**Q** 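My questions will all concern the structure given below.
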Amino acid sequence: MAQASANLNLMILAARKAGRGLIRDFGEVENLQVSTKGPSDFVSKADRKAEEVIREELTKARPNYGFLGEESVETKGKDPTRRWIVDPLDGTTNFLHGMPHWAISIALEHKGEIVAAVIYDPIKDEIFTAEKGAGAWVNDRRLRVSGRVNMSEMVFATGLPFAGRADLPETLADLARILPRCAGVRRWGSAALDLAYVAAGRYDGYWERGLHAWDIAAGVLLVREAGGLVDGMAKDTNPVESGDIIAAAEPVYDRFTKLARGES
Ligand code: IPD
């Protein structure tokens, strides 16, 4: 990776520390699958513990920054221009079911813009990093979004609304428009990794509604720094604020966004 700033190094350190704890806990989950209660209490604790580890590392070094995490109430910082946005365990359902596809996501926002990002997949030992203006990386390799041009060869990712969420009909309509045109749509259950995979050129694009800032803040910067384009599902909106996101490699961006928005 290019010369990392002190903040990015701090984020990497916090993610790796939380990752070590989560890997240990993930090992336990398999044993708990067979108990009648299942592992859900255990996983909620693991999730909270990971957030505490990250919060402690970050706030020890930067006591004036704000902190928004999935597992706790937002803390406003003395410095109102900077805040951490953290999902200690994105892909909780995968983790809970013993499926090895989940990640830690940490973003730094400055004056409303994401300036540094880390998405860490401890199972595959892939750490995705980006800083504004300095590119995106996975471990030591520079990331570029996909260069594919034929939509029939492309693979897209999304999330499917669960637990009675109201946006199911919209998502099913999106799928009916997109699926016949491409090589496949994946729903792997981690928005952070979906965006990291767009940045890595593994997916050609990704869209999802009803997310939270912590699911996507880091991924937004990764995609942009890898040369991709990101917007809200509504044109010219900020996905970190709305929770509705569309991201794609540049060659397919216009075609894909029109399809996903039902404009073609
Ligand atoms: C979830 C994942 C998933 C998405 C859900 C999110 P969590 O985050 O990102 O891919 O479809 O909407 O809630 O709860 O595992 O942090």
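In this text the structure is predicted, and so the values were computed from the model without any measurement. Counting starts at 1 for both ligands and their atoms, in listed order.
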**Q** Output side-chain donor-acceptor pairs under 3.5 Å for residues 176-189, partner residues at least two apart or in another chain, one line each.
**A**
from: Arg177; atom 1: NE; to: Leu259; atom 2: O; distance (Å): 2.7
from: Arg177; atom 1: NH2; to: Asp174; atom 2: OD1; distance (Å): 2.7
from: Arg177; atom 1: NH2; to: Leu259; atom 2: O; distance (Å): 3.4
from: Arg177; atom 1: NH2; to: Ala260; atom 2: O; distance (Å): 3.0
from: Arg187; atom 1: NH2; to: Leu160; atom 2: O; distance (Å): 3.0

**Q** Checking Ala14 now: which residues fulfil side-chain contact (heavy atoms from CB on, under 4.5 Å) with it, not counting sequence neighbours?
**A** Ile54, Glu57, Leu58, Ile106
**Q** Please enumerate all residues that pass side-chain contact (heavy atoms from CB on, under 4.5 Å) together with Arg142, with sequence neighbours excluded.
**A** Trp137
**Q** Do Asp90 and Ser105 have side-chain N/O donor and acceptor atoms under 3.5 Å apart?
**A** no
**Q** Please list, by chain and number, the protein residues whose heavy atoms come under 4.0 Å of ligand 1.
**A** Glu70, Asp87, Leu89, Asp90, Gly91, Thr92, Phe162, Arg165, Arg187, Gly189, Ser190, Ala191, Glu208, Leu211, Asp215
**Q** Is it the case that Lys132 and His110 place a side-chain donor and acceptor less than 3.5 Å from each other?
**A** no
**Q** Can you see which heavy atom on Asp204 is nearest to which on Val252, and at what distance?
**A** O-CG1, 3.9 Å
